[in-house]
Amino acid sequence: MDGNGRWAARRGLPRPDGHREGIEALKRVLKALDGRVPVASFYAFSTENWRRPQKEIKAIFALVEELNEKYLSAETDYAVNFFGDIDALPASVRRSVETAREKTKNNRGMLVNIMLNYGGRGEIVRAAKRLAESKAEFTEENLSAMLYTGYLPDPDLIVRTGGEKRLSNFMTFQSVYSELLFSDRLWPDMDGDDVDKIIKEYGTRKRTFGR
Ligand code: FPP
């Protein structure tokens, strides 16, 4: 969900206002995806984002709590999960994450994952430790099962908005055969039409998985 900061700067607004608008975009995108894809994952905060100003970090966490309380847990049929080092987050965010997981766990709609304090390399290291502890054989399949996403298929498509053309530590293990789509749109500008175009574009891709 890249481009929130630039969206705000172009309007002479503080960066957190871009993140707030990013939540509105997230709601639009979720609505457009609902019923068309079974799983959708969103990168909200990376393990590298701690280098940002405190004020901005606090604003992002506050938005996570707000989204959980006012929207995800209440109004929708999504089953919401969070991937990342949640234990290292402030207590109120941890509580909010737990509540959202708990409240939505029996929901039968789309699986919505939010990557929070997440990094793909860190996820691989965590998985390797868990696999070593489990004493299971070191195979790709067993390592994959130890990732946060262990119970999910690898992503078919990864979309990055905001014009940058890199994955920035997103699903490092899982992304090897994902289709990639880079859009110049800033995240807060995303809407249902963009989702339609993305799904159409995905339909034109030929996936061979190396075969
Ligand atoms: C990248 O834009 C965006 C982020 C680092 C945060 C995304 C967060 C939200 C949409 C709000 C919280 C999310 C949830 C799911 C509750 P940027 O700040 O790097 O923008 P820039 O590249 O234009 O500076």
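Every value quoted in this text rests on a predicted model; they were computed, and no experiment measured them. Numbering of ligands and ligand atoms starts at 1, following listing order.
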Could you name the option among Glu21, Arg52, Glu48 that has the heavy atom nearest to atom 19 (O) of ligand 1?
->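 Going through Glu21, Arg52, Glu48 one by one, Arg52 has the nearest heavy atom to atom 19 (O) of ligand 1.
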Should you measure from each heavy atom of [X], which atoms of ligand 1 turn up under 4.0 Å away?
X     : value
Leu67 : 16 (C)
Leu26 : 15 (C)
Asn49 : 5 (C)

What residue and heavy atom of the protein are closest to [atom], and at what distance?
atom                    : result
atom 13 (C) of ligand 1 : Ala44 CB, 3.7 Å
atom 3 (C) of ligand 1  : Met1 O, 3.1 Å
atom 4 (C) of ligand 1  : His19 CE1, 3.8 Å
atom 9 (C) of ligand 1  : Asn4 ND2, 3.7 Å
atom 12 (C) of ligand 1 : Ile23 CD1, 3.9 Å

Are the side chain of Thr149 and the backbone N or O of Leu152 linked by a donor-acceptor pair below 3.5 Å?
->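 Not at all, since once roles are kept as given, no pair shorter than 3.5 Å links the two residues.
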salt_bridge([X], [Y]) N-O dist < 4.0 Å:
X      : Y      : value
Glu201 : Lys197 : no
Glu123 : Arg126 : no
Arg185 : Asp194 : yes
Asp156 : Arg207 : yes
Asp189 : Arg6   : no

Side chain or backbone, does [X] bring an N or O within less than 3.5 Å of an N or O on ligand 1?
X      : result
Trp187 : no
Gly5   : yes
Arg6   : yes
Trp7   : no

Pick one: which of Met190, Met1, Glu24 meets side-chain contact (heavy atoms from CB on, under 4.5 Å) with Val29?
-> Met190
Nearest 0.5 Å please: distance from the CG atom of Leu63 over to the NZ atom of Lys58.
->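 Here the rounded value is 14.0 Å.
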Mark the output for Gly3 as yes if a heavy-atom distance to ligand 1 is under 4.0 Å, and as no if none is.
->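 Heavy atoms of Gly3 do come under 4.0 Å of ligand 1.
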Determine whether the side chain, the backbone, both or neither of Arg15 has a heavy atom under 4.0 Å from any heavy atom of ligand 1.
->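 Near ligand 1, Arg15 shows its side chain, while the N, CA, C and O stay back.
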Heavy atom under 4.0 Å from ligand 1: found in Val64's side chain, backbone, both, or neither?
->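 Answer for Val64: both.
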Centroid separation Phe83 to Tyr118 less than 6.0 Å | no
Does the ring of Trp7 carry Arg10 above it, NZ/CZ under 6.0 angstrom from centre and within 45° of its axis?
->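 Ring-cation test returns no.
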